[in-house]
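Everything quoted here is computed from the prediction, not taken from an experiment. Start at 1 with the first residue, then count along the sequence. Order of listing sets the numbers, starting from 1, for every ligand and every atom in it.
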Amino acid sequence: MSDKKTILSLMQPSGDATLGNYLGALKNWQKLEDEFNCIYAIADLHTLTVRQDPAQLRKNSMQVLALFLAMGLNKGDNIVFAQSHVSAHAELGWVLDCFTYTGELSRMTQFKDKSARHADNINAGLFTYPCLMAADILLYQADMVPVGEDQRQHLEITRDIAERFNNIYGDVFKVPEAYIGKAGARVMGLQEPTRKMSKSESANANNVILLSDDLNQIANKIKRAVTDSDSVVKASPDKPGITNLLSIYCAVTGKTLEEAEGEFVGVGYGAFKAAVAEAVVEELRPVKEEYERILKDKAYINSVIKDGAERAGRIAYRTLGKVYKKVGLIPPVR
Ligand code: ATP
Ligand code: LTN
C-alpha cells in the first residue's frame, strides 16, 4: 500500500442495505479513494451477535458485497473483504477482551439498546462487540474511521484500548481518529421519521428503502411517506417527515437546504414527494443496474474477496504477530 493514510470501515450484513446506509455511509466512502488507502469489509462476525437465519445471512452478505463492488469501493488499491475470512480479527479480538474492563463494556449504549431489544439473547458476543470492532481497526493501523454518530462511542473505546495497550507494551497500535467527512445525511424512517432508517428493522416495508427494491417500489414508498400537518415544504423540528424528505433530496442532489426549500416554495406535498422520488430513483438507477449485474456474478464477488482477504491478511497477521510477541505468547514451532 502507498504512504497515504489508511481509512477503514466495516458494515454489518444484518439485512439488505438501505438508503440510509447508502447516503450516510457508502456514498461518502466512495469519495475517499484518492486521498486514502481504503479498507472496507462486511462485519459478518459482528452480525452473529443477533440470532441469524444462516441462509439469509449468506444472502445478505453477498448483497452487501455486491453493493460495495457496484459502488466501486474496490477500485485502485482499495481492499474489500469479509471479516470472517481473516482469522486475525477473532484472534486479536480475544486478546483485546483481556484488556477491556466489564465496567467499560456495560456502559456502551449499543449494548444497552440491543439487550433491551433482544432480551432473550443477551449473549457474551453482544457484550464484547466493541473489542472485536477495536481489533478490526487496530489490526490495520488505521488512521481514520468514518463513523456515524451511533458508532462514536465504539471508536472512543477503541482509542482507550489502544492507548492502554501501548502504555504497557510500547507503540504497538496506531490510535485511530473519527473521520468526519462532509456531513452525511441521517436518513429517518419514511413512516416513522423520528427513528433512523435501519436494515435490521424493516418489518414495516414502507418505512425502509432497500437497495434491492425495484425503482417503482422505491418511488411509491417515497410518495407514501408520512408528512406533517401544514403544507409548507420547510425543515423544522416539529415536521420530521418533511425534514427527512428534504434532507434525502439534498443528499442526493448536492443542493443546500436553503436551495431545496427555495425550489419548493408554493409547491404542495404531493408534487414535492414526486420530485424527491424522481431524484432518488435517478440517483439509484445506475447503482442498482450494476448491483443486479454483479449479484448474479458470484464468481466475480468471490474473486474480489479472495484477493481482498489475502491482502488484508498480510497487514493483519503482521500486527497480530507483534501483539502475540509483546504479550508473551511463545512463537509457534513451524
Ligand atoms: P442495524 O440495523 O444492524 O443496526 P443499520 O442499518 O442501522 O444496521 P449499520 O450497519 O449500523 O446500519 O451502519 C452501517 C453504516 O451506515 C454506519 O456508518 C451508519 O452510520 C450508517 N447508517 C446506518 N443507518 C443510517 C441512516 N439511517 N442514516 C445515515 N446513515 C446510516
Ligand atoms: N459496528 C459497526 C460496524 C463495524 C465497524 C467496524 C465500523 C464493525 N467493525 C470497524 C467501523 C470500523 C456498525 O454497526 N455500524
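Counting heavy atoms closer than 4.0 Å to ligand 2, residue Leu132 contributes nothing at all. Contacts of Gln151 with ligand 2, taken as heavy-atom pairs under 4.0 Å, involve the side chain alone.
The closest protein non-hydrogen atom to atom 3 (C) of ligand 2 is Leu10 O, 3.5 Å. Protein heavy atom at the shortest distance from atom 1 (N) of ligand 2 is Tyr129 OH, 2.6 Å.
Not a single heavy atom of Thr18 lies less than 4.0 angstrom from ligand 1.
Ligand 2 has no N or O atom lying under 3.5 Å from any N or O atom of His154, backbone or side chain. For the pair Gln151 and ligand 1, the shortest N or O to N or O distance does not fall below 3.5 Å.
A salt bridge links Asp307 and Arg311; the closest N-O separation between the charged side-chain nitrogens and carboxylate oxygens is under 4.0 Å. A salt bridge links Asp150 to Lys196: at least one charged side-chain nitrogen sits closer than 4.0 Å to a carboxylate oxygen. At a threshold of 4.0 Å, the pair Glu310-Lys306 counts as salt-bridged, since one of the basic side-chain nitrogens sits closer than that to a carboxylate oxygen.
Between atom 25 (C) of ligand 1 and the options Ala43, Gly24, Pro146, Gly20, the minimum heavy-atom separation is to Gly20. Across Ile137, Leu45, Thr47, Asp136, heavy-atom proximity to atom 12 (C) of ligand 2 is greatest for Ile137.
Between Leu284 and Tyr22, some side-chain heavy-atom pair lies under the 4.5 Å cut-off.
Tracing side-chain contacts under 4.5 Å through hydrophobic residues (I, L, V, M, F, W, Y), one never reaches Phe127 starting from Leu132; they form parts of separate clusters.
Residues that satisfy the side chain to side chain contact (heavy atoms under 4.5 Å, CB included) test with Ser84, not counting sequence neighbours, are Asp44, Leu45, Ala82.
Of all the atoms in ligand 1, the ones that sit under 4.0 Å from a non-hydrogen atom of Met11 are 14 (C), 15 (C), 16 (O). Remark: ligand 1 atoms within the under-4.0 Å shell around heavy atoms of Asp150 are 20 (O).
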